K.L.:
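Here's a structure for you.
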Amino acid sequence: MRDFLEALPRYPLVAGETPLDEMPRLRASLAEEFGACPHLFIKRDDLTGLAGGGNKTRKLEYLIGDALAQNADTVITTGALQSNHVRQTVAAAAKAGLKAHAVLFDTVPYQGKQYRSSGNYLLDQVLGATVHVHPADADALTVIKTLLAEIGDAGGTPYFIPVGGSNALGSAGYVRCFQELQSQLDRQALQPTRLVHATSSLGTQSGLLAGRALTGSSLRIDGINVYRSSYDTMADELLDLAQQTVELAGGAVRVSPDDVHLDHRHLGEGYGVPTEAMVAAVRRVAQTEGILLDPVYSGKAMGGLITNISNGEYGADETVVFLHTGGMPGLFAYEEEFSVS
Ligand SMILES: *Cc1c(COP(=O)(O)O)cnc(C)c1O
């Protein structure tokens, strides 16, 4: 398949192709409970291979590639206290020999005992980041501008990576993923109707939509919103970022608004706040397939997919691919949701 992105500098971080596997025991358990269930496959982007894995590693191949091309010596990024993106960025920086600053905002109202000490927050420290924690109401722009200026004044060359690594360059990682998935589907002679995944800062879905447009695929991409409580601008931003990504890849096709699918029904009380469907989905997938999802993204998205299956939204002979975007370290930050002792 043609490499649409050959002109962009890329720093390799992903350990080869991630597996595309069937989940027959999950399907059997859902069919038993709900009467019918589509064929279920899982694309294992939790196994991208860098310090706990996850979807940000694909974006970081292009973002770190760009940082190195610009001769940066320090990477700055930002997110919530339990950000998987920040953990993967700090790991990528370590591997590339760059310093890393993690600017974390305590924005999630969840009050679990381990939330402010364990999980990704602990791993950021193990991976050697300089960690800055700010309260939810701090002004993010001012905080980041100040830090960039301080690093510059001290003679450093900082490179800023936005929340979730979600600009067109980061999204390019998911154009590549779409091509990889398409070639696996061809080899396994599979024709799924839908690709379902958790969506938040929109880079993953933008890249997939761009990859879909560039390759002329008709696979429907369903992002399950786990992030925003106000949806008004989300679809517009997604379409805009997908189009920018097509253009970055040198393509001339248009992404159609009709191809933008955001499922807003499964967020619950908000980003990072557990739902019953999430907890049940994390347990069910762990106990039928031996696969660990996470409480904030992939578990909520799987909870949404299972709810939709229970509502009869897919035919039993359809094939659905779930994209596992990672996040397993987050389980340790939500200990009391899962502990049965
Ligand atoms: C960031 C993240 C997502 C969402 O990806 P976006 O590109 O930000 O929409 C999904 N799952 C996990 C585990 C993540 O860390």
Side-chain angles (χ1 to χ4, degrees), residues 18 42-48 50-63 77-92 104 108 119-121 123-124 161-178 195-211 221-228 231 234-235 237-242 244-245 260-264 266-267 271-272 278 281-282 285 291-305 322-334:
T18 62
I42 187 163
K43 171 72 173 155
R44 297 290 307 271
D45 270 13
D46 56 321
L47 302 180
T48 43
L50 178 76
N55 62 340
K56 303 313 178 306
T57 304
R58 290 191 189 266
K59 303 179 185 185
L60 285 160
E61 291 198 319
Y62 291 102
L63 294 163
T77 199
T78 181
L81 270 184
Q82 286 296 335
S83 168
N84 298 299
H85 160 69
V86 171
R87 181 244 315 152
Q88 288 163 87
T89 302
V90 170
L104 306 177
V108 173
N120 287 300
Y121 178 68
L123 296 181
D124 293 342
I161 295 179
V163 172
S166 287
N167 51 24
L169 209 49
S171 300
Y174 271 85
V175 173
R176 214 176 143 81
C177 178
F178 190 88
L195 176 61
V196 177
H197 67 94
T199 198
S200 63
S201 67
L202 303 174
T204 302
Q205 195 169 359
S206 298
L208 293 171
L209 280 171
I221 295 163
D222 283 335
I224 299 191
N225 172 36
V226 300
Y227 193 47
R228 298 228 201 145
Y231 312 123
M234 204 169 173
E237 282 176 29
L238 177 54
L239 186 60
D240 193 45
L241 189 54
Q244 284 179 43
T245 309
V260 168
H261 300 283
L262 287 166
D263 187 342
H264 300 314
H266 309 290
L267 175 66
Y271 173 71
M278 176 279 287
V282 168
V285 173
I291 294 172
L292 295 169
L293 301 174
D294 86 284
V296 178
Y297 301 91
S298 54
K300 239 182 214 184
M302 181 59 84
L305 174 60
F322 181 80
L323 173 65
H324 189 340
T325 43
M328 191 272 271
L331 285 174
F332 299 103
Y334 287 78

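Start at 1 and go down the list; that is how both ligands and their atoms are numbered. Only a predicted model underlies this, so the values are computations on that prediction, with no experimental measurement involved. In what follows, every heavy atom counts, from backbone to side chain, and hydrogens, waters and symmetry copies are set aside.
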K.L.:
Does any N/O atom on Asp294 come nearer than 3.5 Å to any N/O atom on ligand 1?
P.N.:
no
K.L.:
Does only the side chain of Gln205 get under 4.0 Å from ligand 1, or the backbone, or both, or neither? Count heavy atoms.
P.N.:
neither
K.L.:
Test side chain to side chain contact (heavy atoms under 4.5 Å, CB included) on Thr77 and Leu63; report intermediate values, then the result.
P.N.:
CA-CA 11 Å; Thr77 199; Leu63 294 163; over 6 Å; no
K.L.:
Would you give the length of the straight line joining atom CD1 of Ile221 to atom CZ of Phe178, rounded to the nearest 0.5 angstrom?
P.N.:
5.0 Å
K.L.:
Among all protein heavy atoms in this structure, tell me which lies nearest to atom 13 (C) of ligand 1, with the distance rounded to 0.1 Å.
P.N.:
Gly326 O, 3.2 Å
K.L.:
At a non-hydrogen distance cut-off of under 4.0 Å, which region of Val226 contacts ligand 1 (side chain, backbone, both, or neither)?
P.N.:
neither
K.L.:
With heavy-atom distances below 4.0 Å as the criterion, list the atoms of ligand 1 near Thr199.
P.N.:
9 (O)
K.L.:
Using modelled atom types only, decide if a donor and an acceptor are shared between the side chain of Thr57 and the backbone of Gly53 within a distance under 3.5 Å.
P.N.:
no
K.L.:
Any nitrogen or oxygen of Lys56 lying under 3.5 Å from a nitrogen or oxygen in ligand 1? Just yes or no.
P.N.:
yes
K.L.:
Based purely on interatomic distance, does Gly164 place a nitrogen or oxygen under 3.5 Å from a nitrogen or oxygen of ligand 1?
P.N.:
no
K.L.:
Write down the atom of Ala198, the atom of Thr325, and the distance for their closest heavy-atom approach.
P.N.:
CB-OG1, 4.3 Å
K.L.:
Give the atoms of ligand 1, by number and element, whose distance to some non-hydrogen atom of Gly327 is under 4.0 Å.
P.N.:
13 (C)
K.L.:
Within the 4.0 Å heavy-atom shell around Thr204, which atoms of ligand 1 are there?
P.N.:
5 (O), 6 (P), 7 (O)
K.L.:
Nearest non-hydrogen atom to atom 8 (O) of ligand 1 belongs to which of Ser298, Gly52, Ser201, Gly173?
P.N.:
Ser201
K.L.:
Would a 4.5 Å heavy-atom cut-off, applied to side chains only, mark Gln205 and Leu323 as touching?
P.N.:
no
K.L.:
Between ligand 1 and Lys59, is the shortest N or O to N or O distance under 3.5 Å?
P.N.:
yes
K.L.:
Given the ring of Tyr297, does Lys56 sit roughly above its face, with NZ or CZ under 6.0 Å from the centre of the six-membered ring and within 45° of the axis?
P.N.:
yes
K.L.:
For atom CZ of Phe332, is the number of surrounding heavy atoms from other residues, nucleotides or ligands below 6.0 Å larger than 12?
P.N.:
no
K.L.:
How far apart are the closest heavy atoms of Met234 and Ser200, and which atoms are they?
P.N.:
CE-O, 4.0 Å
K.L.:
For atom 12 (C) of ligand 1, what's the nearest protein heavy atom and its distance?
P.N.:
Tyr297 CG, 3.3 Å
K.L.:
What protein heavy atom is closest to atom 4 (C) of ligand 1, reported as residue, atom name and distance in Å?
P.N.:
Ser200 OG, 3.3 Å
K.L.:
Tell me the contacting part of Thr325 for ligand 1: side chain, backbone, both, or neither, using a 4.0 Å heavy-atom threshold, strictly below.
P.N.:
both
K.L.:
Atom 5 (O) of ligand 1: which protein heavy atom is closest, and how many Å away?
P.N.:
Asn55 ND2, 3.0 Å
K.L.:
Test Val86 against every option in Thr89, Val90, Asn84 by the side chain to side chain contact (heavy atoms under 4.5 Å, CB included) rule and name the one that passes.
P.N.:
Val90
K.L.:
Asn55 and side-chain hydrogen bond (donor to acceptor under 3.5 Å, both in side chains): which single residue from Asp46, Thr204, Asp45 fits?
P.N.:
Thr204
